[in-house]
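To start, the structure itself, in structure tokens.
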Amino acid sequence: LRGRSIIDDDLLEDLEEALIQADVSVGLAVKLTQELAERAEREHVTDPEALADLLRKRVMRMLSQWDTTLHTGTTAPTTFLVLGVNGVGKTTSIAKIAHWYHSAGNKVMMVAADTFRAAAIDQLQVWAERVGCDLVRQQPNADPAAVAFDALQAAKTRGTQLVIIDTAGRLHTKVNLMEELRKINRVVERELGRPADERLLIMDATTGQNGLNQARQFHEAVGVTGIMLTKLDSTAKGGIVLTIADELGIPIKLVGVGEKLHDLQLFSAQEFANSLF
Amino acid sequence: SLTDKLQKAFRHLSSRGKIGPKDVRDGLKEVRLALLEADVSYQVVKDFIREVQDEALGEKVLSGLNPTQQIVGIVHRKLVHLLGDAAVPIKLAAKPPTIIIMAGLQGSGKTTTAGKLARYLTRQGHRVLLVAADVYRPAAIEQLRQVGAQVEVEVFTVPDQSPVEIARASVKHAQAKGYDVVIIDTAGRLQIDQQMMQEVQEIERSFDHTETLLVIDAMTGQDAVNVAEEFGRKLKLDGLILTKLDGDARGGAALSARAVTGVPIKFMGVGEKLDGLEVFHPDRLAQRILG
Ligand SMILES: Nc1nc2c(ncn2[C@@H]2O[C@H](COP(=O)(O)OP(=O)(O)OP(=O)(O)O)[C@@H](O)[C@H]2O)c(=O)[nH]1
Ligand SMILES: Nc1nc2c(ncn2[C@@H]2O[C@H](COP(=O)(O)OP(=O)(O)OP(=O)(O)O)[C@@H](O)[C@H]2O)c(=O)[nH]1
Ligand SMILES: [Mg+2]
Ligand SMILES: [Mg+2]
């Protein structure tokens, strides 16, 4: 399959290597470089930079196929349920999103439904104070679904426009924790009269192939509507989202680029493709 | 599993019975794929496969009866060896207190692991002091306080001081109160953040001897090599701790970090609760990486 007449094998191997080092799955990296080789052969492209550029455009197209806007509810409050494995940046990302909507003049409420982890509620409390928005909380070890329920009731009374629900980090392999998430999702849906407007999966850009398992399991559990990729200010490329796009078609909507409130960006397929390799 | 994949790769050989160098090289392609899928860094995989190839192409395999088993055997053995054949414990200071520094990227599990380590060392008979030196993350100090309370270990904090000052004050406090182990929890930081790397360097250099541990999330991908390399250059790393191994991440980052720093993996985080800490098992991690 290699030994092309005009395309340098080493060059193709370098591009494949670059994709793998960016955490693109091996299978997809091979598929993309083979596709590239065939195209280059057909169109007589031999310049290394031109080849890399073609590959970047291909990546960009793979990631531009969907709508990246955050959904708004038909009736208030618009509700975002935030989920993901441990330590990926859920709580911090909620603060950033709250800050963004609050700064635009919306009445925002954060919900401290991580009732398990040490000081999780305290952490969100600090962020709510910094953002200047509402926070609904109960005591540690309260039932997270009950906290979500109470928050939505309060939101309706207060005329809150956006409710963002923080949940505890959970490994997608833990059956009981995934069931707890399903329950929170069901309670929210029942209380809203429609599914949560966004079920946002937070993923860490430093995550490797396990990210595909995460996306699959969370998607199966609650139907993920969008992904926020955090820590893109690190040296990690987050290439696993390309595999997720290819296999699951879940849109990447937001990006986290730091630990401060303003370190939030809308996902840009072009920017992502250009920094991938 | 890798064995299944290799059996499949060598299936066409059963008619001929004997395998040649080309067959070994084809079999190793499966090993390479398995390691990359397990998140082992590209370059580390390349070096590892070359080493395995040298041995696999040797007389024993080519004339052996079951090439699949032999190759898997060589791979497994070399992997265990590369990971660090046996568990290495925390290095206790000749003159107490032993000062342990938890370092690593944001969200890797430092604070939780500090608590786990405190519990582990307390059960071994040590008097442990936990130190809250993360002054940045909202409620980080409160988090360590609650963790400390759960494992019944004192948490040292000082308001309005820099992490370096807190670290220094904590050791003085430990010496005064007779603690023989101090565990300093630090803020998560990017290895490319010059200022933050300088800060953790300064904490380390404040003392003659420290046990500096790099905490790495088991789901880390190719970036593990960049992170480990830089932390290894800037700090005198003494150990690695791999967290969140209770998930289904293959954990290849452990191999990458170990290969690039030469530092032993000491513990594995295997749960969210504070008893979720195990001493490193190279054999179990090797099996997991190979899938
Ligand atoms: N550099 C960087 N750090 C981030 C980013 N997003 C979050 N963090 C940091 O990652 C760490 C974990 O963030 P959290 O918001 O507590 O993560 P979480 O998913 O809520 O964690 P759990 O609730 O424990 O599962 C914190 O130190 C954050 O400051 C980002 O975009 N860039
Ligand atoms: N399942 C599982 N979760 C873990 C493990 N270790 C830590 N966690 C979880 O991972 C998340 C992050 O842990 P922290 O201890 O806050 O991580 P950290 O490195 O101190 O984070 P920063 O201080 O923000 O850099 C929390 O939800 C922990 O409960 C583990 O071994 N298994
Ligand atoms: Mg959180
Ligand atoms: Mg911490």
Go through the atoms of [X] and report whether side chain, backbone, both or neither lie under 4.5 Å from a heavy atom of chain A.
| X | answer |
| --- | --- |
| B:Asp248 | both |
| B:Asp246 | both |
| B:Arg137 | side chain |
| B:Leu105 | side chain |
| B:Arg32 | side chain |

Rounded to the nearest 0.5 Å, how far apart are CG of B:Leu130 and OG1 of B:Thr157? 11.5 Å
How many angstroms lie between atom NE2 of A:His219 and atom CD1 of A:Ile250, to the nearest 0.5 angstrom? 4.5 Å
Is [X] salt-bridged to [Y], cutoff N-O under 4.0 Å?
| X | Y | value |
| --- | --- | --- |
| A:Glu180 | A:Lys183 | no |
| A:Asp246 | A:Lys31 | yes |
| B:Lys244 | B:Asp217 | yes |

Short side-chain donor-acceptor distance under 3.5 Å, B:Glu199 and B:Gln195: no
Of all heavy-atom pairs between B:Thr186 and B:Met102, which one has the smallest distance, and what is that distance?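 Heavy atoms only, the tightest pair is OG1-O, 2.6 Å.
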If you look at every heavy atom in B:Leu144 and B:Ala114, which pair is closest and at what distance?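 Nearest pair, atom of B:Leu144 first, then B:Ala114: CD1-CB, 4.4 Å.
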Can you confirm whether more than 12 heavy atoms, excluding those of B:Asp160, are under 6.0 Å from its CG atom? no
Side chain, backbone, both or neither: which part of [X] has an atom under 4.5 Å from a heavy atom of chain B?
| X | answer |
| --- | --- |
| A:Gln125 | neither |
| A:Ile121 | neither |
| A:Ser25 | neither |
| A:Asp122 | both |

Leading residue by heavy atom contact count with chain B [cutoff under 4.5 Å; candidates [options]]:
| options | value |
| --- | --- |
| A:Asn213, A:Ile240, A:Thr235 | A:Thr235 |
| A:Leu171, A:Thr91, A:Asp204, A:Thr230 | A:Leu171 |
| A:Val126, A:Val88, A:Asn86 | A:Asn86 |
| A:His172, A:Lys174, A:Gln209 | A:Gln209 |

Heavy-atom pair count under 4.5 Å with chain A, highest-scoring of [options]:
| options | result |
| --- | --- |
| B:Leu190, B:Asp39, B:Asp193, B:Leu36 | B:Asp39 |
| B:Val225, B:Val147, B:Val227, B:Ile192 | B:Ile192 |
| B:Pro138, B:Gly188, B:Ala224, B:Ala140 | B:Pro138 |

Flag side-chain contact, heavy atom, 4.5 Å: A:Lys237 against A:Asp23: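 With C-beta onward as the side chain, the pair stays apart.
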